[in-house]
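Working notes for the structure below.
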Amino acid sequence: FPALVSERLQSEGLSVEIVNASVSGSTTASAIKRLKWQLKGKPDVLFLALGANDGLRGFDVKVTEKNLSETIDLARKNEIPVILAGMKLPTNYGQTYRKGFEEVFKKLGRRSGVTLIPFLLEGVGGVKKLNLSDGIHPNEEGHKVISQTVYPFVKKEIEVRK
């Protein structure tokens, strides 16, 4: 979806470079280290979409929150606005864990200076035709839907920074 968002922004005459620094299977444990590396390129905005793998592996939600919070703090220390992508879990993870997990993103989203996309996979999560056979990872059509969800948040942040 990052390439699709970039293409749409550029088609509207906005000169942007979106760096897709995602790593398949990554957890929030690597977030701060990865941001430190990306800071060398002096990013204007951080799109933070981590945590799903923490949840799918049943990690302690307090650890996930701590890792994301420290990453957000580092971005803010470097005067980089943050767009945080909210995550949700499938229903088989139990009501209590799912609620605690989702609350992490809501809580961090309430922080000043953090823009929250309530659910990155809105309209995609749990929709069989928009996911690979594993039922979790979006297929090409799913990425198109995600790009439509993400686009207005990224565009707004770019326009604010002009």
Side-chain angles (χ1 to χ4, degrees), residues 1-9 16-38 43 45-75 80-111 114-157:
F1 71 88
L4 296 172
V5 172
S6 179
E7 287 172 16
R8 185 167 174 194
L9 291 167
V16 298
E17 177 187 5
I18 294 181
V19 176
N20 183 351
S22 63
V23 175
S24 182
S26 182
T27 67
T28 61
S30 68
I32 194 103
K33 184 168 97 175
R34 289 170 53 204
L35 177 56
K36 285 178 182 177
W37 176 260
Q38 292 301 319
V45 177
L46 172 63
F47 183 88
L48 185 56
L50 277 171
N53 289 320
D54 293 41
L56 292 173
R57 295 175 187 172
F59 289 4
D60 183 334
V61 296
K62 290 178 184 169
V63 173
T64 298
E65 181 178 352
K66 176 183 174 286
N67 292 338
L68 290 172
S69 181
E70 288 175 356
T71 304
I72 291 167
D73 289 346
L74 178 59
I80 301 169
V82 176
I83 301 171
L84 177 64
M87 306 287 178
K88 296 182 180 184
L89 294 172
T91 57
N92 62 318
Y93 281 80
Q95 176 88 10
T96 303
Y97 184 73
R98 287 177 57 234
K99 184 176 180 182
F101 179 79
E102 291 174 24
E103 186 57 35
V104 165
F105 298 93
K106 292 175 185 175
K107 183 176 179 183
L108 292 171
R110 288 190 292 265
R111 292 176 60 172
V114 177
T115 299
L116 176 66
I117 297 175
F119 181 37
L120 179 64
L121 300 177
E122 187 66 46
V124 175
V127 180
K128 190 172 184 173
K129 69 179 183 176
L130 298 177
N131 287 276
L132 299 175
S133 60
D134 66 6
I136 296 173
H137 294 94
N139 61 23
E140 189 174 337
E141 291 304 310
H143 279 277
K144 290 178 183 176
V145 174
I146 295 168
S147 73
Q148 293 169 2
T149 298
V150 169
Y151 169 80
F153 292 93
V154 174
K155 183 175 183 188
K156 180 178 179 183
E157 195 58 57

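Between the side chain of N131 and the main chain of V124, a donor-acceptor pair closer than 3.5 Å is present. R98 places a side-chain N or O within 3.5 Å of a backbone atom of L89 that can act as its donor or acceptor partner.
Looking at V150 and L120, their side chains come closer than 4.5 Å, going by heavy atoms from C-beta outward. The side-chain heavy atoms of V154 and V45, taken from C-beta on, include no pair separated by under 4.5 Å. Side-chain contact check for Y151 versus L4: every heavy-atom pair is 4.5 Å or farther apart. Counting heavy atoms from C-beta outward, I32 and T71 have side chains that approach closer than 4.5 Å. Inter-residue side-chain proximity for P81 and T115 is flagged as unmet; no heavy-atom pair is nearer than 4.5 Å.
Between Y97 and V61, the shortest heavy-atom distance links the atoms CE1-CG1, 3.8 Å. The heavy-atom pair separating L50 from A31 by the smallest distance is CD1-CB, 3.5 Å. For N139 against K129, the heavy-atom pair with the smallest separation is ND2-O, 2.9 Å. The shortest heavy-atom contact between A75 and V82 is CB-CG2, 3.6 Å.
Below 30°, between 30° and 60°, or above 60°: for F47 and F1 the angle between ring planes is above 60°, a perpendicular geometry.
Put simply, CG on L46 and CD on E157 are 10.5 Å apart, with the number rounded to the nearest 0.5 Å. Once rounded to the nearest 0.5 Å, the distance linking CE of M87 with CG of L56 reads 10.0 Å. Atom-to-atom distance recorded for K107:NZ and R110:CZ is 8.0 Å, nearest 0.5 angstrom. Separating the CD1 atom in I72 from the CG atom in L108 is a distance of 4.5 Å, to the nearest 0.5 Å. With rounding to the nearest 0.5 Å, the separation of OG in S69 from CG in L74 is 11.5 Å. Distance check: R34 CZ to L48 CG gives 9.0 Å after rounding to the nearest 0.5 Å.
Looking at residues two or more places apart in sequence or on another chain, you find a side chain to side chain contact (heavy atoms under 4.5 Å, CB included) between P118 and F153. For K144, the side-chain hydrogen bond (donor to acceptor under 3.5 Å, both in side chains) partners are E141, not counting sequence neighbours.
For the side chain to side chain contact (heavy atoms under 4.5 Å, CB included) with P138, the lone residue among L121, V127, L130 that qualifies is L121. When F119, Y93, F105 are each tested for a side chain to side chain contact (heavy atoms under 4.5 Å, CB included) with K88, only one passes: F119.
Identified under the side-chain hydrogen bond (donor to acceptor under 3.5 Å, both in side chains) test for residues 45-62, with sequence neighbours left out: T28-D54, D54-T64.
Ionic pairing of K99 and E103 is not present here: no N-O contact between side-chain nitrogen and carboxylate oxygen is shorter than 4.0 angstrom.
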